[in-house]
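Note: hydrogens, waters and symmetry copies are ignored here, and every other heavy atom, side chains too, is used. Sequence lines set the chain letters: A, B, ... in the order given, protein chains first and strands last, and positions in each chain run from 1. Note that the coordinates shown come from a computational prediction; the quantities given were computed from them, not determined experimentally.
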2 protein chains.
Amino acid sequence: MRADAQANHDRLLVVAGAVITEQGTEASMREIARRAGVGLATLQRHFPTREALLEALLRASFDELTERAVQVETSNSPGEALVLWLRDFIAVCTNYRGVVSAMVQAIEDSESPLHASCVAMRGSGARLLTRAQEAGAARTDLDGADLFALVSSLVWLSDHPGLEARAERLFDIVMSAIVTKARPA
Amino acid sequence: MRADAQANHDRLLVVAGAVITEQGTEASMREIARRAGVGLATLQRHFPTREALLEALLRASFDELTERAVQVETSNSPGEALVLWLRDFIAVCTNYRGVVSAMVQAIEDSESPLHASCVAMRGSGARLLTRAQEAGAARTDLDGADLFALVSSLVWLSDHPGLEARAERLFDIVMSAIVTKARPA
DNA sequence: ACCTGAACACCGTTCAAGT
DNA sequence: ACCTGAACACCGTTCAAGT
């Protein structure tokens, strides 16, 4: 990549992160380009769709979550590991408002740039759930896709101003119904 | 109201119901006006905002739900009544895709034309929940607003193509964790 | 009274023309 | 190679002008 193109790429990512932090994932692409001091068409060649831009913004966090799943699996009880990892997943998804809506859309659309990351997240959660179920630490009448959907729906709740605290408590309630022996002392 | 205005009003409601059934609550207002054969400005004087239009479309259903809450309370056990009514609430909300997003927004905005209806729905659910809790048929670590949020989040899930069936199963799982002695024989 | 069409300020997409 | 600005087809809002 040419040096000026690389500089544009980097600046666009920084600016996009700031704008999407303020306005959520439905922020205006024009606004992002404007604040980065480039034409809208330049933004769209670097990131052809909104989802491609989101994927670039979230890739590092998703990679960390994948590593984190291995960590908690090796150093925590099955029930604890599942809950700890889900909290980290939620923390990433609540970083930008609207992320989880994009993810739920993307997981059904194999052409989406976010698709692979979403499938990976669902997979990490499913692995931890299965481990907990095999240890008798989680109820067995739901699978990884169910859990991903359920937790995503609670993140959607917390995207609404004034509902963050309620969403957190509901997560605790739901987890207490799904996972047993999950709380560290 | 003048006769031609009344005719426009009625036709707009019928057309809006059809378009929103097809495209969800974010359907284009222009499209609704176009299909009704009136100017966009005419639609917007009859229904100044999207939420005002939604409120008109949903009012009858909400009124029925309010009556229904009384019915189930008088003729069912506390646990059964709560689950039955929630199923009816979900049925209304899944009639048009996007309704529950509008409702969750509206419940925080006392200026919204949908606000009163949303508060009423939350109130009906809360009353049935309290009754079940007092009968020992529901867990007591959540309140009516929690339940409204939780059920709304599951309806949001079912708004996504391919997740309806999963959302229904998750409702059963969540209800089994919250309500005891709820299932009719 | 009620309705209409046009003007306005936005949006994302596309593409010919520049450097 | 890369970028730009303009054109395009949308959106909801507003309002002067018609019937």
Side-chain angles (χ1 to χ4, degrees), chain A residues 1-57 96-99 101-102 105-106 109 111-114, chain B residues 1-57 96-99 101-102 105-106 109 111-114:
Chain A
M1 195 180 307
R2 228 166 61 177
D4 59 340
Q6 183 67 52
N8 274 340
H9 187 92
D10 296 346
R11 191 168 60 256
L12 280 167
L13 269 182
V14 170
V15 171
V19 174
I20 291 177
T21 296
E22 288 173 22
Q23 306 182 7
T25 56
E26 295 305 308
S28 162
M29 300 295 274
R30 258 196 170 84
E31 169 82 359
I32 293 168
R34 214 179 294 141
R35 286 213 216 168
V38 302
L40 176 56
T42 298
L43 169 58
Q44 297 203 299
R45 194 158 14 75
H46 283 282
F47 306 103
T49 64
R50 185 182 298 277
E51 281 153 347
L53 177 56
L54 273 180
E55 198 277 334
L57 281 174
Y96 304 117
R97 181 165 40 87
V99 164
S101 293
Q105 304 252 143
D109 173 16
E111 303 302 311
S112 167
L114 275 172
Chain B
M1 194 179 309
R2 229 167 59 178
D4 57 342
Q6 182 68 54
N8 275 338
H9 187 91
D10 297 345
R11 192 168 59 257
L12 281 167
L13 269 183
V14 171
V15 171
V19 174
I20 290 177
T21 296
E22 288 173 22
Q23 305 182 9
T25 57
E26 295 305 308
S28 161
M29 300 295 274
R30 259 196 169 84
E31 169 82 0
I32 293 168
R34 212 179 294 141
R35 285 213 217 169
V38 302
L40 176 57
T42 298
L43 168 59
Q44 296 203 299
R45 194 159 14 75
H46 284 281
F47 307 103
T49 65
R50 185 182 298 277
E51 280 153 348
L53 177 56
L54 272 181
E55 198 277 334
L57 281 175
Y96 304 116
R97 181 164 40 88
V99 164
S101 293
Q105 304 253 143
D109 174 15
E111 302 302 310
S112 167
L114 275 172

Send over the distance from [X] [atom1] to [N] [atom2], rounded to a whole Å.
X: B/Q6; N: C/dA1; atom1: CD; atom2: P; answer: 17 Å
X: B/F47; N: D/dG12; atom1: CZ; atom2: P; answer: 16 Å
X: A/E31; N: C/dA9; atom1: CD; atom2: C1'; answer: 14 Å
X: A/L43; N: C/dC11; atom1: CG; atom2: C1'; answer: 13 Å
X: B/M29; N: C/dC10; atom1: CE; atom2: C1'; answer: 17 Å
X: A/L12; N: D/dC3; atom1: CG; atom2: P; answer: 9 Å
X: B/I32; N: D/dC10; atom1: CD1; atom2: P; answer: 17 Å

- Message: Quick check: closest heavy atoms across A/I32 and A/V15, and the distance to 0.1 Å?
- Response: O-CG1, 3.6 Å
- Between A/F47 and A/A56, which heavy-atom pair has the shortest distance, and what is it? CE2-CB, 3.7 Å
- Query: Of all the choices, D/dG12, D/dC3, C/dG12, which nucleotide is nearest to the side chain of A/R50 once you look at every atom?
  - Reply: C/dG12
- What nucleotide, of D/dC3, C/dG12, D/dG12, holds the atom closest to the side chain of A/Q44? C/dG12
- Item | side chain to side chain donor-acceptor pair (under 3.5 Å) contacts in which one or both residues fall within residues 32-43 of chain A, not counting sequence neighbours | A/E22-A/R35, A/E31-A/R34, A/E31-A/R35
- Report the secondary structure of DNA chain D in dot-bracket form, marking unpaired bases with a dot and bases paired to a different strand with |, and treating Watson-Crick or G-U pairs with both distances under 3.5 Å as paired. ||.|||||...|||||.||
- Query: So, is B/S28 close to the D/dG12 phosphate, meaning a side-chain N or O under 4.0 Å from OP1 or OP2?
  - Reply: yes
- Task: Report yes if at least one side-chain N or O of B/H46 is closer than 4.0 Å to OP1 or OP2 of C/dC2; otherwise report no.
- Result: no
- Could you tell me which residues satisfy side chain to side chain contact (heavy atoms under 4.5 Å, CB included) with B/D109, sequence neighbours excluded, listed by chain and number? B/E111, B/S112
Contact between [X] and [Y] at the side-chain level, heavy atoms closer than 4.5 Å - yes or no?
X: A/T49; Y: A/P113; value: yes
X: A/H46; Y: A/V38; value: no
X: A/R97; Y: A/E26; value: no

- Hey, can you pull the residues of residues 14-25 of chain A with a non-hydrogen atom under 4.0 angstrom from DNA chain C? none
- Candidate pair B/L53 and B/L13, rule side chain to side chain contact (heavy atoms under 4.5 Å, CB included), full reasoning: CA-CA 8 Å; B/L53 177 56; B/L13 269 183; 4.1 Å; yes
- Task: Return yes if some donor-acceptor pair links the side-chain N/O of B/R50 with the main-chain N/O of B/M29 below 3.5 Å, else return no.
- Result: no
Report each atom pair, protein N/O against N/O of nucleotides 4-8 of chain C, whose distance is under 3.5 angstrom.
from	atom 1	to	atom 2	distance (Å)
C/dT4	OP2	B/G39	N	3.1
C/dT4	OP2	B/T42	OG1	2.8

- Message: Could you measure the distance from the CG atom of A/L43 to the NE2 atom of A/H9? Nearest 0.5 Å is fine.
- Response: 11.0 Å
Any protein N or O atoms within reach of nucleotides 16-19 of chain D? Criterion: under 3.5 Å, listing atom names and distances.
none

